[in-house]
Amino acid sequence: MAGIDPALCRTAEEGQWSFGTGNIEIWVDLWYIESEDRTYFQVMSPIGMIPAEGREDFYRELLDLNYQMIDVNFVSYKDGIYIKSIREVNFLTPEAMSLTINRVGYYGLLHEKHIIQKYKLAKIEYQEEPGA
């Protein structure tokens, strides 16, 4: 994901960026939680809607894939499946941020086609990005 201009990827929402690579989208969020006095760095990629049929096999495969992935996980939000990493900003270096973005992109590209085709997932239709 090197060479991406953050200014061109900024969304209308404060602390959010969005861009695409291959067939996937990548969302980057920074947000402060006052009650915790912490800022979080989140990177995620929408994969598809949770299937109506074959959910047990679907979830089992996602759990098996989670075991193999480094620093990212499949997660569900509402009725969608995403690849996500979230970290506290304290002590997070620019290199670690870049690595996280690259990992989400890599695993998104690696798994999205297989998962979408195998389980016939519909595209996620969303009004807002999770975590926003």
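Since this is a predicted model, take the numbers as computed values, not measurements. Worth knowing before you read on, the calculation uses all heavy atoms, side chains too, and leaves out hydrogens, waters and symmetry mates.
Between the side chain of Ser45 and the backbone N or O of Glu25 there is at least one donor-acceptor pair closer than 3.5 Å. With hydrogens and angles ignored, the 3.5 Å screen pairs a side-chain donor or acceptor of Ser85 with a backbone N or O of Asp71. A distance-only check finds a donor-acceptor pair linking the side chain of Thr100 to the backbone of Ala96 [under 3.5 Å]. Between the side chain of Asp79 and the backbone N or O of Met49, no donor-acceptor pair lies under 3.5 Å. In this structure, Asp5 contributes its side chain and Ala7 its backbone to a donor-acceptor pair below 3.5 Å. Judged by distance alone, the side chain of Thr39 and the main-chain N or O of Val89 form no donor-acceptor pair under 3.5 Å. Arg55 places a side-chain N or O within 3.5 Å of a backbone atom of Pro51 that can act as its donor or acceptor partner.
Side-chain contact between Tyr77 and Tyr82 is present, with heavy atoms from C-beta onward closer than 4.5 Å. Residues Arg10 and Gln16 form no side-chain contact, since every pair of their non-hydrogen atoms from C-beta on lies 4.5 Å or further apart. You'll find the side chain of Ile81 reaches within 4.5 Å of the side chain of Ile50, heavy atoms only. Residues Asp57 and Arg60 have side chains not in contact (no heavy-atom distance under 4.5 Å, counting atoms from C-beta outward). For the pair Ile83 and Val75, the minimum side-chain heavy-atom distance is 4.5 Å or more. Residues Lys113 and Lys118 fail the side-chain proximity criterion, which asks for heavy atoms closer than 4.5 Å.
Using cut-offs of 30° and 60° for the angle between ring planes, the Tyr40 and Trp31 rings count as tilted. Ring geometry, Phe58 versus Tyr119: the interplanar angle exceeds 60°, so the pair is classed perpendicular (tilted spans 30 to 60°).
Using modelled atom types, one finds no donor on one side chain facing an acceptor on the other under 3.5 Å when comparing His111 with Gln68.
Neither Leu30 nor Leu99 shares a network with the other; the hydrophobic side chains, linked directly or stepwise wherever heavy atoms of I, L, V, M, F, W or Y lie under 4.5 Å apart, form separate groups for each. Residues Leu92 and Val72 are members of one and the same hydrophobic cluster, defined by side-chain heavy-atom contacts under 4.5 angstrom among Ile, Leu, Val, Met, Phe, Trp and Tyr. The cluster map of Ile, Leu, Val, Met, Phe, Trp and Tyr, joined by side-chain heavy atoms under 4.5 Å apart, puts Ile70 and Val104 in the same cluster. Hydrophobic clustering keeps Leu63 apart from Tyr107 (ILVMFWY residues linked when any side-chain heavy atoms are closer than 4.5 Å, directly or through intermediates).
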ask   = Do Lys120 and Glu53 pass the salt bridge (Lys or Arg N to Asp or Glu O under 4.0 Å) test, and can you show the C-alpha distance, the side-chain angles, and the key distance before you say yes or no?
value = CA-CA 10 Å; Lys120 299 175 178 67; Glu53 297 178 11; over 6 Å; no

request  = Apply the test side-chain contact (heavy atoms from CB on, under 4.5 Å) to residues Glu88 and Phe41: give CA-CA distance (whole Å), side-chain angles for both, the deciding distance (0.1 Å), then the verdict.
outcome  = CA-CA 6 Å; Glu88 292 180 24; Phe41 172 70; over 6 Å; no

key: Step-by-step side-chain contact (heavy atoms from CB on, under 4.5 Å) determination, Leu121 to Glu112   = CA-CA 10 Å; Leu121 303 186; Glu112 63 94 19; over 6 Å; no

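Looking at every heavy atom in both residues, Ile24 comes nearest to Leu109 through CD1-N, 3.8 Å.
Rounded to the nearest 0.5 Å, atoms CD1 (Ile47) and NZ (Lys84) are 14.0 Å apart. Distance check, rounded to the nearest 0.5 Å: CE of Met44 to CZ of Phe74 gives 12.0 Å. Thr21 OG1 to Asn102 CG: the interatomic distance, rounded to the nearest 0.5 Å, is 9.0 Å.
Other residues, nucleotides and ligands contribute only 12 or fewer heavy atoms inside 6.0 Å of the CD atom of Glu56. The number of heavy atoms from other shown groups lying within 6.0 Å of CG (Asn90) is above 12.
Checking each of Thr11, Leu8, Val28 against Phe19 for a side-chain contact (heavy atoms from CB on, under 4.5 Å) leaves exactly one that passes, namely Val28.
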